[in-house]
Amino acid sequence: MNMKYTITTPLYYVNDKPHLGSSYTTIACDAIARFQRLNGNNVLFLTGVDEHGQKIERTAESKQLMPQLHCDEITEKYKYLWDKLNISYDRFVRTTSAEHSALVHQFYSKVLKADDVYMGRQSGWYCVGCEEYKDVDKDDKKPICSIHKKELEWRDEENLFFKLSKYQEQIEKLIQIDGFISPKSRKNEIINFVSKGLKDFSISRINLKWGINVPGNKEHTFYVWFDALLGYVSGSLCDQTSPELTDKSLCNWPANIHVIGKDILRFHAVYWPAMLLSAGMETPRSVFGHGFLTREGQKMGKSLGNVLDPIELLEYGGIDAMRWYLLRDIEFGEDGDFQMRRFVDIVNSDLSNTIGNLLNRTITMSKKWFNDKIPVDATLLAESPLKYQSELRINQYMKSFKDSNFKNSANAIIELANSANLYLNDRAPWKLIKDIANKEIVAHDIYCVLESCRIIAILLNPFVPDLSIRILNQLKIDSSTINFQQALHWGMLDPDNGLQNPSPVMEKIEFNET
RNA sequence: GUCAGUGUAGCUCAGCUGGUUAGAGCACAGCAUUCAUAACGCUGAGGUCGAGAGUUCAAGUCUCUCCACUGACACCA
């Protein structure tokens with residue numbers, strides 16, 4: 001097939017170090033990217049950071065750093081974490097890069113040509129945290145932002161405006177398209193919002209140095225959102241060094257999916273497509289707004305002091321545990337609750353007890369009775385109930401994964417492992433082998449279970465690539481070139497290939513309350 | 001305030017157009033047990049299905065009211 005498939009995480013705001021929420025989004029994207037690659041698609045997996053805006057400027061100031069240095073510092077933390085989480089991104093976009101600002105200028109000139117920009121005046125109470133004007137009473141003397149609990153600032157300034165209202169009908173049509181906005185519940189909210197009439201929005205700020213300058217308007221810099229969203233384009237250009245918005249240069253555009261948190265869905269599903277329409281570019285194929293994570297039933301926040309640091313979690317449970325738990329136990333799209341007890345239980349049960357132990361017990365038997373080779377009768381393979389099971393579960397897995405239903409996909413893997421465990425208990429090869437006449441039957445049984453393990457390892461790959469490779473290594477399978485189309489056929493395991501000595505592929509996590 | 005969604009075992013959730021003793025996984029208890037990471041397997045205990053009222057021969061499943069949580073919009077701060 002070899003289709004181009006472009007997937008993006010949000011460009012994370014470098015106001016602070018990465019938190020569990022951004023890790024969650026990024027892990028989900030990584031799973032999708034890996035899944036698509038295994039399906040033979042040519043994937044461009046894009047992530048990056050959004051570095052401009054007043055909030056950054058002030059944060060840097062409070063740290064007595066130049067904004068750029070502050071951004072560099074935080075950007076490094078993101079890169080470090082993505083590295084630790086084995087995120088297979090292809091490009092990392094920085095909105096402070098020269099290429100990016102060149103692209104923003106190019107894009108802006110297109111929007112200008114479309115006659116979609118005008119100078120307007122905006123006054124009102126402004127929240128720097130939100131980077132947004134708030135609808136509050138003008139007579140109020142000390143209004144406070146309901147989200148940030150900070151005092152608002154009075155602003156009265158000239159801004160450039162983008163004619164969002166002009167795209168009312170086109171946006172209405174776009175958001176109706178089946179699959180454009182997921183999950184469905186959020187789609188309805190956006191439709192509702194758009195139906196009330198789109199208002200033009202400002203795309204520039206004055207008196208803000210930390211931003212990309214607006215050509216022709218010295219005092220102005222671009223509003224962070226206008227700037228940040230374009231990072232998706234600058235990151236997906238074929239040749240990033242010479243940003244030109246032509247059909248050729250846009251070979252990775254449009255994005256197949258923007259994965260974001262539910263809080264910024266409107267920017268992605270409404271503002272962003274309108275901007276692209278204005279510039280005569282294609283709109284993204286889909287936008288997925290996932291839910292938020294709470295911790296032990298409570299919102300995570302600095303004020304509550306219950307923020308879960310991804311690095312800490314990683315050190316505690318390991319990368320496979322973290323990735324597995326987030327993808328397997330939390331409904332993608334819905335809000336989810338992180339519970340330490342459950343984290344430990346789920347990971348131990350699924351990865352150590354069900355899958356790890358299955359592999360371990362089977363390899364042990366194989367080594368004990370057949371040394372390295374399994375004398376299996378190939379003609380019998382086609383009739384194994386495990387063959388049927390694996391096909392059933394592969395189907396379930398594929399179907400669910402395409403809907404970004406990671407939970408159900410992961411369940412399919414566990415079901416297959418359960419079946420294999422049951423099969424062993426049922427066949428009891430350790431009893432059969434006592435009669436040497438049964439050796440062939442036992443070989444067949446062992447082979448079928450090992451083959452199930454191989455398929456399990458491959459299906460696990462997008463979820464927990466490290467564990468997947470550890471399993472394949474024990475089966476002495478080269479993990480560097482696998483793809484679904486070839487690898488998911490029953491009977492691909494070479495019986496003469498030999499096996500590595502078994503050692504637990506997944507250590508258990510010990511639960512300790514902290 | 002308006003609209004939408006959710007509320008089912010300790011935890012995470014299934015239960016389509018109403019129909020016999022409400023399900024799964026995890027956790028827990030007991031049994032069994034080595035091929036295996038005290039793992040796998042079997043058995044079991046656990047729910048007045050958010051509350052109340054109504055429709056019906058029959059409601060987790062339909063109607064109404066209320067409560068809690070989540071979100072959107074509006075309003076206020």
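In the text below, chain A, chain B and the rest are named by the order of the sequence lines, each starting its count at 1.
- When the P atom is compared between B/rU43 and B/rG5, the two are found 40 Å apart, to the nearest whole Å.
- The shortest non-hydrogen separation linking A/W82 to A/S22 is CH2-O, 3.5 Å.
- In this entry the distance linking CD of A/E334 with C1' of B/rU70 reads 10 Å, nearest Å.
- Between A/I190 atom CD1 and B/rG71 atom P the separation is 15 Å, expressed in whole Å.
- The CD1-C1' distance, from A/I175 to B/rA72, rounds to 13 Å in whole Å.
- Between A/R205 and A/N159 the shortest side-chain heavy-atom distance falls below 4.5 Å.
- Distance CZ/A/R342 to CZ/A/F511: 13.0 Å, rounded to 0.5 Å.
- Figure legend. B/rA77 is base-paired to no nucleotide; pairs are counted as Watson-Crick or G-U wobble with both atom distances under 3.5 Å.
- A/T47 and A/Y12 share no side-chain donor-acceptor pair at under 3.5 Å.
- In this structure, A/K407 and A/R341 both approach RNA chain B, and ranking their closest nucleotides by distance from the 5' end singles out A/K407.
- Comparing B/rG7 with B/rA14, their C1' atoms are spaced 15 Å from each other, to the whole Å.
- Across the strands present, B/rU56 finds no partner; the criterion is a Watson-Crick or G-U wobble pair with both atom distances under 3.5 angstrom.
- Across every strand in view, B/rA29 sits in a pair with B/rU43 that passes the Watson-Crick or G-U test at under 3.5 angstrom.
- Counting to the nearest Å, the C1' atom of B/rA14 and the CD atom of A/Q396 are 13 Å from each other.
- Distance check on atom P: B/rA22 versus B/rU61 gives 14 Å, rounded to whole Å.
- In terms of heavy atoms, A/S23 sits closest to A/M322 at CB-CE, 4.2 Å.
- For B/rG23, the base is anti relative to its sugar; the glycosidic angle deviates from 0 by more than 90°.
- Where A/S185 and A/F292 meet RNA chain B, the nucleotide closest to each residue was compared, and A/S185 sits on the side nearer the 5' end.
- The distance between atom CG of A/N348 and atom C1' of B/rA27, rounded to the nearest whole Å, is 12 Å.
- Annotation: B/rC3 and B/rU63 have their P atoms spaced 15 Å apart (nearest Å).
- With C1' as the reference atom, B/rG71 and B/rG30 are 46 Å apart, rounded to whole Å.
- Protein atom CD of A/E189 is 10 Å distant from nucleotide atom P of B/rG71, rounded to whole Å.
- Under the 30°/60° scheme for interplanar angles, the aromatic rings of A/Y325 and A/F338 are found to stand perpendicular.
- Using Watson-Crick or G-U wobble geometry with both donor-acceptor distances under 3.5 Å, B/rU12 finds its partner in B/rA24.
- Judged by Watson-Crick or G-U wobble contacts below 3.5 Å, the nucleotide B/rU65 has B/rA51 as its partner.
- Here, B/rG46 and B/rA58 have their P atoms 28 Å apart, quoted to the whole Å.
- In this pair, A/F332 and A/F288 present their aromatic rings parallel. The plane angle is below 30°, not in the 30 to 60° band.
- Side chain of A/R295 to main chain of A/N306: a donor-acceptor pair is present (N/O by atom type, distance under 3.5 Å, no hydrogens or angles).
- Applying the Watson-Crick and G-U wobble criteria (two distances, each under 3.5 Å), B/rU37 pairs with nothing in any strand.
- Using a 4.5 Å heavy-atom threshold, the side chains of A/Q54 and A/V224 count as separate.
- The NZ-P distance, from A/K184 to B/rA4, rounds to 19 Å in whole Å.
- Across B/rA74 and B/rG54, the matching P atoms stand 41 Å from one another, rounded to whole Å.
- Atom P of nucleotide B/rA24 and atom CG of A/N408 are separated by 18 Å, given to the nearest angstrom.
- Taking each heavy atom of A/K476 and A/N497 in turn, the nearest pair found is O-ND2, 2.6 Å.
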Reading nucleotides 35-42 of chain B from the 5' end, what letters show protein touch, with B for base, S for backbone sugar-phosphate only, - for no heavy atom under 4.0 Å? BBB-SBSS
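- B/rG50 and B/rU6 have their C1' atoms separated by 11 Å, given to the nearest Å.
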Nucleotide N/O of nucleotides 6-11 of chain B paired with protein N/O under 3.5 Å:
{"from": "B/rC11", "atom 1": "O3'", "to": "A/Q339", "atom 2": "NE2", "distance (Å)": "3.2"}
{"from": "B/rC11", "atom 1": "O2'", "to": "A/Q339", "atom 2": "OE1", "distance (Å)": "3.1"}
{"from": "B/rC11", "atom 1": "O2", "to": "A/R342", "atom 2": "NH1", "distance (Å)": "3.1"}

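- When the options A/F226, A/F162, A/F161, A/Y118 are evaluated for a ring-ring contact (aromatic ring centres under 6.0 Å, His included) with A/F201, the one that passes is A/F162.
- The base-pairing partner of B/rG71, taking Watson-Crick or G-U wobble contacts with both distances under 3.5 Å, is B/rC3.
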